[in-house]
Amino acid sequence: MRFTRWVSILLATLVLNASAADIAGTWKTVFAGPKGTGPKTIGSIILILNTDGHQVTGTARIGVWPGDAPIADGKVDGDQITFNATGHLTSTTGIPTCGVVATIHGDEMVLTLSFIADNGVPVPPENRHEFEYEGKRISD
């Protein structure tokens, strides 16, 4: 009984670590909603992801604006990653912080992007718009 429990724990750990390792790489997603309903400056998002256990780091290239953003608070949970990314390009509306939730199935990704803060001021959940993107791994 004790051996079986130990083997089960070991296998679960290997499966979780394999999932995290499968997430690392470069991914490209494009807006998947109806034409004209997405953010004008974010037709695509490129993610350069690194993993260390249940943490994800790297860079999110969020369209033309807000641009390249370091991944912050990145977490891996099975085939799902979550993180925040604050762009570096300012505009008349400020610099947004984006919240990202992405689910990975093999070499395919479905990503939901929302604007969670503007110039460091949180956007209330009821005022957040979500945008869906779909894409694939483009390199390991």
Side-chain angles (χ1 to χ4, degrees):
M1 176 79 159
R2 194 173 205 179
F3 177 75
T4 303
R5 179 177 289 157
W6 182 82
V7 170
S8 296
I9 292 169
L10 179 63
L11 288 174
T13 302
L14 290 173
V15 167
L16 288 175
N17 286 336
S19 296
D22 291 344
I23 292 169
T26 303
W27 300 78
K28 181 177 182 182
T29 62
V30 295
F31 180 68
K35 187 173 182 165
T37 62
K40 292 179 183 178
T41 61
I42 309 174
S44 67
I45 299 171
I46 295 175
L47 302 177
I48 302 164
L49 304 176
N50 303 303
T51 57
D52 183 8
H54 294 285
Q55 293 184 322
V56 63
T57 58
T59 302
R61 293 183 175 155
I62 307 171
V64 177
W65 177 85
D68 287 1
I71 291 173
D73 304 319
K75 295 176 182 62
V76 178
D77 185 9
D79 63 354
Q80 189 174 75
I81 60 171
T82 58
F83 63 85
N84 298 330
T86 302
H88 71 282
L89 297 174
T90 190
S91 77
T92 57
T93 60
I95 298 176
T97 297
C98 302
V100 174
V101 176
T103 304
I104 297 171
H105 299 286
D107 285 336
E108 296 185 0
M109 174 185 284
V110 175
L111 180 149
T112 302
L113 173 78
S114 61
F115 298 105
I116 62 172
D118 191 16
N119 287 329
V121 178
V123 175
E126 64 272 11
N127 292 341
R128 294 179 188 167
H129 299 283
E130 293 185 343
F131 303 98
E132 189 169 300
Y133 292 74
E134 296 176 352
K136 296 182 178 197
R137 179 189 312 268
I138 57 176
S139 73
D140 286 337

message = Assess the residue pair Phe131 and Thr37 against the criterion (side chain to side chain contact (heavy atoms under 4.5 Å, CB included)); give the C-alpha distance rounded to whole Å, side-chain angles, the decisive distance to 0.1 Å, and a yes or no.
response = CA-CA 9 Å; Phe131 303 98; Thr37 62; over 6 Å; no
Check residues 25-36 and write down every donor-acceptor pair under 3.5 Å in which the side-chain atom is one partner and the other belongs to a residue at least two apart or another chain.
unit_1 : atom_1 : unit_2 : atom_2 : d
Thr26  : OG1    : Ser139 : OG     : 3.4
Trp27  : NE1    : Ile23  : O      : 2.9
Thr29  : OG1    : Ile45  : O      : 3.2

query = Can you list every salt bridge (Lys or Arg N to Asp or Glu O under 4.0 Å) pair that touches residues 88-99, not counting sequence neighbours?
reply = none
inquiry  = Taking salt bridge (Lys or Arg N to Asp or Glu O under 4.0 Å) as the cut-off, I'd like each qualifying pair that reaches into residues 86-99, sequence neighbours left out, listed once.
reply    = none
inquiry  = Are the side chains of Leu49 and Ile81 in contact, using a 4.5 Å heavy-atom criterion?
reply    = yes
task = Quick one: list whatever passes salt bridge (charged side-chain N to carboxylate O under 4.0 Å, His left out) with Asp68, sequence neighbours left out.
result = Arg61
key: Residues forming a side-chain contact (heavy atoms from CB on, under 4.5 Å) with Ala69, sequence neighbours excluded   = Ile62, Ala85
note = Contacts satisfying ring pair (Phe, Tyr, Trp, His ring centres under 6.0 Å) that involve residues 57-101 (not counting sequence neighbours) are none
Show me, pair by pair, the donor-acceptor contacts under 3.5 angstrom made by side chains of residues 99-126, not counting sequence neighbours?
unit_1 : atom_1 : unit_2 : atom_2 : d
Asp107 : OD1    : Arg137 : NE     : 2.8
Asn119 : OD1    : Ile95  : N      : 3.0

key: Inter-residue atom distance Ile71.CD1 - Thr82.OG1, 0.5 Å rounding   = 10.5 Å
